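What follows is a short report on a single structure.
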Number of protein chains: 2
Amino acid sequence: MAKPSQDIGVVSNRIGFNLRRAAAIFSADFTHAVEGTGMRQMLIGILSVVTANPGVNQGVAGRLLGIKPANMVAFITELIDTGLIVRDVDSIDRRAFSLRVTPRGVALLNDCTQRLDTLENELLAGFTDDEKVSFLDFLNRVTGSVG
Amino acid sequence: MAKPSQDIGVVSNRIGFNLRRAAAIFSADFTHAVEGTGMRQMLIGILSVVTANPGVNQGVAGRLLGIKPANMVAFITELIDTGLIVRDVDSIDRRAFSLRVTPRGVALLNDCTQRLDTLENELLAGFTDDEKVSFLDFLNRVTGSVG
DNA sequence: TATTGTTATACTCTATAACTATA
DNA sequence: TATAGTTATAGAGTATAACAATA
């Protein structure tokens, strides 16, 4: 029996399309990896940026992650409601919010980071360390010009 | 004045997270690039795979693109309703559908392909040809094991 | 019994416009 | 008047379970 066609046509050599596919695969595996933690991809991103920048402004945090202000609201509300971050009114600009991670937030981020380490090692098992560095560099050259 | 922190923390060197970011950037630019055509990313993917494999089975087409059967239905319906593909009952397995692209579908795919060429050239302006080949190879090594 | 495709539905993330309260 | 955050809402893609028709 002939090998079934694996050709997906013109999109097969397009970086944009394959980027989406690869991200979708990571995304599905991410969901399973953090099952039971209540975390989602953008929540982890926010925990990460707030941990790295204590007291960071809400809008700045969103900008660093490519999240629009309108979409930050529900994420931040959820992180506060679950006790993972705290939000304070900025002392010199009362329109702005200053975000800080709680000890529980730090612990959860660490837990998820370990799980995601495992996931990346599995999904990138065929990559050498140098290739992983190049891959990350390529991705950052796409995102770096924006964030 | 000090350079504002650009550090997004532990996720900054994770390929999964940066994959999502890069895909999101491509996705937003994609939307603008094909504005007015009625196309969306997965519709283009389906047009592409059906063009490359005339008469392909609906489920196979979905599998090649990572689209679940349940999610194929609306996509296929839309492509038929807009006259871009046709669907025939498979002559030897009457449960299955055989898909074929119409001339209008071919023309639209070509139009979009050109627009997306331009987009990729812009987004990957800083990449050498060799780097683009490597980038695509990396992505295919993530997706290849699945699709 | 297993498979192809379908329906229904919920979830995650993204986008836009109109709004408030401060600056 | 501009900015920080908000509300409301729509769109795109993905996930699961239960189902009908056919194999």
Side-chain angles (χ1 to χ4, degrees), chain A residues 16-17 19-35 37-46 55-80 85 87-99 143 146-147, chain B residues 16-17 19-35 37-46 56-63 65-80 87-99 146-147:
Chain A
F17 193 83
L19 215 34
R20 158 174 286 272
R21 288 271 281 130
I25 289 166
F26 262 89
S27 188
D29 288 352
F30 172 97
T31 302
H32 294 124
V34 301
E35 207 157 44
T37 65
M39 280 298 97
R40 299 193 310 276
Q41 288 196 91
M42 301 321 285
L43 296 180
I44 296 269
I46 294 170
V56 68
N57 173 282
Q58 178 170 319
V60 170
R63 227 168 292 134
L64 289 170
L65 296 168
I67 305 174
K68 298 222 182 296
N71 296 327
M72 279 294 278
V73 181
F75 289 141
I76 296 298
T77 301
E78 186 172 345
L79 290 171
I80 291 169
I85 66 169
R87 174 177 55 186
D88 296 305
V89 173
D90 187 305
S91 47
I92 61 171
D93 181 349
R94 290 192 337 241
R95 293 171 305 181
F97 288 134
S98 166
L99 305 176
T143 60
V146 178
Chain B
F17 193 83
L19 215 34
R20 159 174 286 271
R21 290 271 281 132
I25 289 167
F26 262 90
S27 188
D29 289 352
F30 172 97
T31 302
H32 294 124
V34 300
E35 208 157 45
T37 65
M39 281 297 98
R40 300 195 309 278
Q41 288 197 89
M42 301 322 284
L43 296 180
I44 297 267
I46 294 170
V56 69
N57 173 280
Q58 177 170 319
V60 170
R63 226 168 292 134
L65 297 167
I67 305 174
K68 298 222 181 294
N71 296 325
M72 279 295 277
V73 181
F75 289 142
I76 296 298
T77 301
E78 184 172 347
L79 289 171
I80 291 168
R87 174 177 55 185
D88 296 306
V89 174
D90 187 306
S91 48
I92 62 170
D93 181 347
R94 292 193 336 243
R95 293 171 306 181
F97 287 134
S98 166
L99 305 176
V146 179

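Heavy-atom basis, side chains included; hydrogens, waters and symmetry copies ignored. We name chains A, B, ... by the order of the sequence lines, and we start the count at 1 in each one. A quick note: this is a predicted structure, and the numbers were derived from the prediction, not measured.
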Rounded distance [0.5 Å steps], CG in B:D90 versus CG in B:L99: 10.5 Å
Most 5' of A:R40 and A:R94 on DNA chain C, judged by nearest nucleotide: A:R40
Atom pair CD (A:E78) and CG (A:L43), whose distance is rounded to the nearest 0.5 Å: 5.0 Å
Sugar-phosphate only, base, or nothing, as touched by A:F75 at under 4.0 Å among non-hydrogen atoms: sugar-phosphate
Between CZ on residue B:R21 and CG on residue A:L19, distance to nearest 0.5 Å: 12.0 Å
Candidate pair A:M39 and A:L79, rule side chain to side chain contact (heavy atoms under 4.5 Å, CB included), full reasoning: CA-CA 9 Å; A:M39 280 298 97; A:L79 290 171; 4.2 Å; yes
Nearest-0.5 Å distance, CZ of residue B:R20 to CZ of residue A:R20: 10.0 Å
Beyond-backbone contact of B:L65 with A:F17, side-chain heavy atoms, under 4.5 angstrom: yes
From B:D93 atom CG to B:S98 atom OG, the distance as rounded to the nearest 0.5 Å: 11.5 Å
Between C:dT3 (P) and B:K68 (NZ): distance, integer Å: 16 Å
5' to 3' contact window, DNA chain D with chain A (heavy-atom distance under 4.0 Å): D:dA2 to D:dA15
Side-chain touch A:F75/A:R40, heavy atoms, less than 4.5 angstrom: yes
Beyond-backbone contact of B:F97 with B:N57, side-chain heavy atoms, under 4.5 angstrom: no
B:I92 CD1 - C:dT3 C1' separation (whole Å): 14 Å
Between the protein and nucleotides 5-9 of chain C, which nitrogen or oxygen pairs are less than 3.5 angstrom apart?
| residue | atom | partner | partner atom | Å |
| --- | --- | --- | --- | --- |
| C:dG5 | OP1 | B:N57 | ND2 | 3.4 |
| C:dG5 | OP1 | B:F97 | N | 2.8 |
| C:dG5 | OP2 | B:N57 | OD1 | 3.2 |
| C:dG5 | OP2 | B:G59 | N | 2.8 |
| C:dT6 | OP1 | B:R87 | NH1 | 3.1 |
| C:dT6 | OP2 | B:Q58 | NE2 | 2.8 |

Closest-nucleotide ordering on DNA chain D, the 5'-leading residue of A:D93 and A:H32: A:D93
Spacing of B:Q41 atom CD relative to C:dT14 atom P, expressed in whole Å: 13 Å
Atom-to-atom span, CE of A:M39 to C1' of C:dC11 - whole angstrom: 15 Å
Value in whole Å for how far the C1' atom of C:dT12 lies from CD of A:E78: 11 Å
